[in-house]
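Numbers restart at 1 for each chain; the letters A, B, ... are given by sequence-line order, proteins then strands. Predicted model, so just to flag it, every value in this text is computed and none were measured.
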Protein chains: 2
Amino acid sequence: MKKVGLKDIAEHVGVSIALVSYVLNGQAEIKQVSKDNAQKIKAAAELLNYRPNQIAKSLKMHKTHTIGLVVADINYRFSTGITRAIEAEAKKANYTVLFGSSNENEDTFAELVNVLINRQVDGLILVPVENSQDQIKMLQKAEIPFVLIDRNFPEITTNHIALDNYKAAYIATAYLIKQGHKRIAFINYDTNMFHLHERNRGYLEALKDNNIAFDEDWLQQINSNNRVGDIDQSLDKILNLDQPCDAVFFATDTLAINGLKYLNKIKAKVPQDISVLSFDESEAFELFYNLVTHLRQPVEAMGKAAVDTLLELINHSKINKQISLESDLIVGQSCRE
Amino acid sequence: MKKVGLKDIAEHVGVSIALVSYVLNGQAEIKQVSKDNAQKIKAAAELLNYRPNQIAKSLKMHKTHTIGLVVADINYRFSTGITRAIEAEAKKANYTVLFGSSNENEDTFAELVNVLINRQVDGLILVPVENSQDQIKMLQKAEIPFVLIDRNFPEITTNHIALDNYKAAYIATAYLIKQGHKRIAFINYDTNMFHLHERNRGYLEALKDNNIAFDEDWLQQINSNNRVGDIDQSLDKILNLDQPCDAVFFATDTLAINGLKYLNKIKAKVPQDISVLSFDESEAFELFYNLVTHLRQPVEAMGKAAVDTLLELINHSKINKQISLESDLIVGQSCRE
DNA sequence: TCATTTGCTTTAATCGTTTAAAGTGATAGC
DNA sequence: GCTATCACTTTAAACGATTAAAGCAAATGA
């Protein structure tokens, strides 16, 4: 059973290809196609089970009605959330999402972006990885519509949607202080990504504003290549200081999960021995014996904003939007009361 | 900066489009293009930052080098695992993956499949949803290469890759029996999907083979529309029988997670009050105070087998493969020893 | 010297659509 | 009776690539 095209329908009905195209694109009225032919064409399309070849259509129209999405790692809870939100929003506008995961790798990221461009996506939504500035600049030079989400580079002016990471970290730290903590550790990745630096800044600023003298052993920077081992060491460190920490704030859900596993292992009780607070959400937080207090990112809103912005960009070209969103502090029982 | 095509390069160098195409497709040798021109063309392509228009190429070649993937729900751990595996495997063969999530909805599933076909994917990898038999038959009639994973319909002969669900459930149940359990509940969805029925069958058969008289209150069927409430009720039921169950086996990770939340809520201790075993994997299982004993599905192998089978189908057409895989029982501390 | 071969390049059709523009026969207006 | 309009329909040129087939000098052979 070979593919049926406009030609087959045209032959079947005995009219030209153009007429078929008009009818099937809802232009029967305006092109004044006779009711009789319109009727026959529709029937034939149905009968032959015609499916328009989007590839041909895209080629002609210079529009694929597709947007490309590159997330940092499909295994992150954040990624699945944002993917879902973006898909749903895109569908409303009749766009399909072409999707890839860079696995936080610079080369994979570049390759994915390239593949998507070659497939003529109308625009891109990207969660950029560390050191991908050149790729971003390339996109700007090539005038390809794109928006960054979750992360951005302060030195490059882009359309982006991200959490106010500084504020979120500030609020979380302030919350721990309000709960009576005086020695709060912050475990973050050792990275040069701006959004994670902002979290450091929020943490530090909150300490300062509350007159807590920061001890640099409190800020632990994890090498993402040796995550598990490093987190264990970091926790050992902050728990065995002369003045041990009584709270720990994890900069991401992955850090928190690995950290909590270790705390379980060494039988440290949360929050009796140490309070725990984490960025992001995770199903695992709910199964921990005490719901882990965490900062929930508004993924739905983020996805919607990203798609909306991108579509504006695609349709009316020049706009410049930097959207900053706020997180919710979900209070569980993992912090001292 | 408008898009550069073969034409632009041709004009820049002062040769025909054909020559450019030959060179950039590595046919310089066989088409005996002069070294001089070949050199200039490559240089110009580089200089002008040429990117082949895959859409045009696909139209001409009747091949998109794209495979479509429809998962049941991007939020499932299984989905992200399988997606990653399929992407990695597809990339090796220079295929891109176009991806969608049906959210277990029949109509969304049909729509996604259609969108993918219209985009001329070379083949499909599908996790079919309940009642999607007609879609599958349609694909067969249209002779579109596809393979099913995770689930299949016994009444339709298809290429598929799936776990031996019967065996997995049997092994898990037998394990619980070996640990001394005599009253084992099984919580499954109320569904007509074959793979979940197979899990029921494995559970029942294991009881029978071990001379345990099955009590029909032990098999709880959850309506997926009211998952949370139903699970709570089911657990209440099995814990409050005249002869309460001392073990519960969840048919999926989502069921287990919700079940464990409820067990936490009513302060039932695992495994002291009740042993717990679950199908699938979840990050959350590791954060539960006792690692939840579970059946791990071989997603990597599954993804690889799916891509390999599909590519065979695409290239050499007629084959018929039903691949059955085995799960691993990961023993944690959630079952009585 | 003329025909053939060699080495390289161009021409032009094609993929399945879209859509201006042109074509056609009937009817209406003057 | 001649032109204009109307109500349709077809023609044909794109879109950006691929690739047989044809074209064209220069070199070689007889």
Spacing between A:Leu59 atom CG and D:dG16 atom P, to the nearest angstrom: 7 Å
Most 5' of B:Asn37 and B:Ala56 on DNA chain C, judged by nearest nucleotide: B:Asn37
A:Val13 and its side-chain contact (heavy atoms from CB on, under 4.5 Å) partner, picked from A:Lys40, A:Lys42, A:Gln39: A:Lys40
Spacing of B:His65 atom NE2 relative to D:dA17 atom P, expressed in whole Å: 17 Å
Chain A contact limits on DNA chain C, taken 5' to 3' with a cut-off of 4.0 angstrom to heavy atoms: C:dG16 to C:dA20
Separation of D:dA14 C1' from A:Met61 CE (nearest whole Å): 12 Å
Sugar-phosphate, base or nothing in reach of A:Lys60, heavy atoms under 4.0 Å: base
Interatomic distance, B:Lys57 NZ vs D:dC15 C1' [rounded to whole Å]: 17 Å
Under 3.5 Å donor-acceptor, A:Gln322 side chain and A:Thr158 backbone: yes
CD1-CG distance between A:Ile136 and A:Leu148, expressed to the nearest 0.5 angstrom: 5.0 Å
A:Thr108 side chain reached by A:Val129 side chain, heavy atoms, under 4.5 Å: no
Sugar-phosphate only, base, or nothing, as touched by B:Gln54 at under 4.0 Å among non-hydrogen atoms: nothing
Contact check, side chains of B:Ile82 and B:Met302, non-hydrogen atoms, under 4.5 Å: yes
Check: B:Thr66/B:Arg119 side-chain N/O donor and acceptor closer than 3.5 Å: no
Sorted by number, the residues of residues 7-25 of chain B with heavy-atom contact under 4.0 Å to DNA chain D: B:Ile17, B:Ala18, B:Ser21, B:Tyr22, B:Asn25
Distance in angstrom units between B:Ile55 CD1 and D:dT18 C1', rounded: 16 Å
Heavy-atom side-chain contact between A:Gln135 and A:Val70 under 4.5 Å: no
Any B:Lys321 side-chain heavy atom under 4.5 Å of B:Glu312 side chain: yes
Carboxylate-amine/guanidinium proximity below 4.0 Å for A:Arg84 and B:Asp73: yes
